[in-house]
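Heads up: the structure comes next, in structure tokens.
Everything numeric here is computed off the predicted structure, so don't read it as measured data.
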Amino acid sequence: MYQEAADTVVQGLSESCPSSTCQTQAAIAVWTPKRQSLSENTIGKDLQNTRTGQRQNRGMRTRLGCLSHKSDSCSDFTAILPDKPNRALKRLSTEETTRWGDSFDVLLSHKYGVAAFRAFLKTEFSEENLEFWLACEEFKKTRSTAKLASKAQRIFEEFIDVQAPREVNIDFQTREETRRNIQEPSPSCFDQAQGKIHSLMEKDSYPRFLRSKIYTDLLSQTQRRLS
């Protein structure tokens with residue numbers, strides 16, 4: 001349509017101004033408004049896209065802010081208790097809760113201690129360490145030789161292999177040693193990797209857990225119940 005209009009104008013003007021210069025000027029005169037219109041539309045779309053991107057970035061920052069200020073309180077613990085929260089808190093004594101601070105292994109030997117520690121690790125986005133340790137403990141109980149291979153492969157692919165969905169932080173030598181171990185699986189084939197993760201949690205996460213609101217709030221609740 002625009003091409004037909006331009007040809008008509010150029011043809012009309014060429015009758016009064018037959019030179020190629022006049023024809024060129026006529027074509028420019030016809031197409032300039034169109035170029036301006038396209039340019040304005042392009043600028044408008046660019047501004048709209050920019051504003052949309054800014055809104056998306058603000059939304060992403062808000063979501064990340066919420067994650068970075070994730071709750072660290074007793075309510076996080078009660079949300080994942082193996083029993084109903086009220087029943088669990090009634091069963092949990094101050095003595096038991098206090099003993100969690102005696103050693104990391106005491107904490108891991110108590111089901112409510114494990115639940116509280118898991119809730120804390122979730123606030124630090126490192127619960128895969130505990131999940132791997134627990135998976136290894138469960139693996140050691142496997143009595144069926146036929147099931148050892150499939151379970152070992154599943155644990156390796158989930159926690160140890162490079163870019164595993166819940167990859168734990170172990171060194172290359174330990175990873176490769178574990179890879180070789182599962183070729184002939186035994187209840188002890190994850191012992192080296194499990195020991196590394198146990199040590200990591202004990203030295204790094206466990207001290208912070210004892211200072212967390214999850215633990216201190218829970219300890220306070222059990223103490224108030226006795227008063």
For this session: Determine, step by step, whether Asp171 and Thr174 satisfy the side chain to side chain donor-acceptor pair (under 3.5 Å) criterion, reporting the C-alpha distance in whole Å, the side-chain angles of both residues, the deciding distance to 0.1 Å, and the verdict.
Result: CA-CA 5 Å; Asp171 57 89; Thr174 302; 2.9 Å; yes
Exercise. With the 4.5 Å side-chain cut-off for hydrophobic clustering, are Val106 and Leu218 part of the same group?
Worked result: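 Val106 does not cluster with Leu218.
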If you compare all heavy atoms of [X] against all heavy atoms of [Y], which two are closest, and at what distance to 0.1 Å?
X: Ile160; Y: Ala193; result: CD1-CB, 4.1 Å
X: Ile214; Y: Ala119; result: CD1-C, 3.7 Å
X: Gly101; Y: Tyr215; result: N-OH, 3.8 Å
X: Ser186; Y: Leu148; result: CA-CD1, 4.2 Å
X: Tyr112; Y: Leu92; result: CD1-CD1, 3.9 Å
X: Cys189; Y: Phe139; result: SG-CE2, 3.7 Å

For this session: Check whether the side chains of Gln153 and Glu157 place a donor and an acceptor atom closer than 3.5 Å, and report yes or no.
Result: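 Yes, side-chain donor-acceptor contact under 3.5 Å.
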Exercise. Have Asp105 and His198 got a donor and an acceptor in their side chains that come within less than 3.5 Å?
Worked result: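 Looking only at side-chain atoms, His198 and Asp105 do form a donor-acceptor pair, the distance falling under 3.5 Å.
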Salt-bridge contact [X]-[Y] (side-chain N to carboxylate O under 4.0 Å):
X: Glu124; Y: Arg208; value: yes
X: Glu127; Y: Arg118; value: no
X: Arg180; Y: Glu177; value: yes
X: Arg175; Y: Glu167; value: yes

Any side-chain heavy atom of [X] sitting closer than 4.5 Å to one from [Y]?
X: Ser126; Y: Asn129; answer: yes
X: Leu219; Y: Trp100; answer: no
X: Thr142; Y: Pro187; answer: no
X: Leu108; Y: Leu130; answer: yes

Closer than 3.5 angstrom, by distance alone: can the side chain of [X] be matched with the main-chain N or O of [Y] as a donor-acceptor pair?
X: Glu138; Y: Ala135; value: no
X: Thr94; Y: Thr222; value: yes
X: Tyr206; Y: Leu107; value: no
X: Ser188; Y: Asp191; value: no
X: Gln194; Y: Trp133; value: yes

For this session: To the nearest 0.5 Å, tell me how far Cys136 SG sits from Lys141 NZ.
Result: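 Output value for this atom pair is 12.5 Å.
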Problem set entry | Distance (rounded to the nearest 0.5 Å) between Phe190 CZ and Ile155 CD1 |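 Nearest 0.5 Å value for the CZ-CD1 distance: 4.5 Å.
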For this session: Give a yes or no on whether Lys147 atom NZ has more than 12 heavy-atom contacts from other residues, nucleotides or ligands under 6.0 Å away.
Result: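 Check fails, neighbour count at 12 or below.
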For this session: Kindly check if the number of other-residue, nucleotide or ligand heavy atoms within 6.0 Å of CG (Asn169) is above 12?
Result: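 No, the 6.0 Å shell around CG holds no more than 12 heavy atoms from other groups.
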For this session: Identify, with sequence neighbours excluded, every residue that meets ring pair (Phe, Tyr, Trp, His ring centres under 6.0 Å) alongside Phe159.
Result: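 Counting only residues at least two positions away or on another chain, Phe159 forms a ring pair (Phe, Tyr, Trp, His ring centres under 6.0 Å) with Phe132.
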For this session: For the pair Asp161 and Arg179, evaluate side-chain contact (heavy atoms from CB on, under 4.5 Å) and give the outcome as yes or no after the intermediate values.
Result: CA-CA 8 Å; Asp161 204 3; Arg179 191 191 302 276; 3.5 Å; yes
Exercise. What orientation do Phe209 and Phe117 show, parallel under 30°, tilted 30 to 60°, or perpendicular over 60°?
Worked result: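 Rings of Phe209 and Phe117: perpendicular, over 60°.
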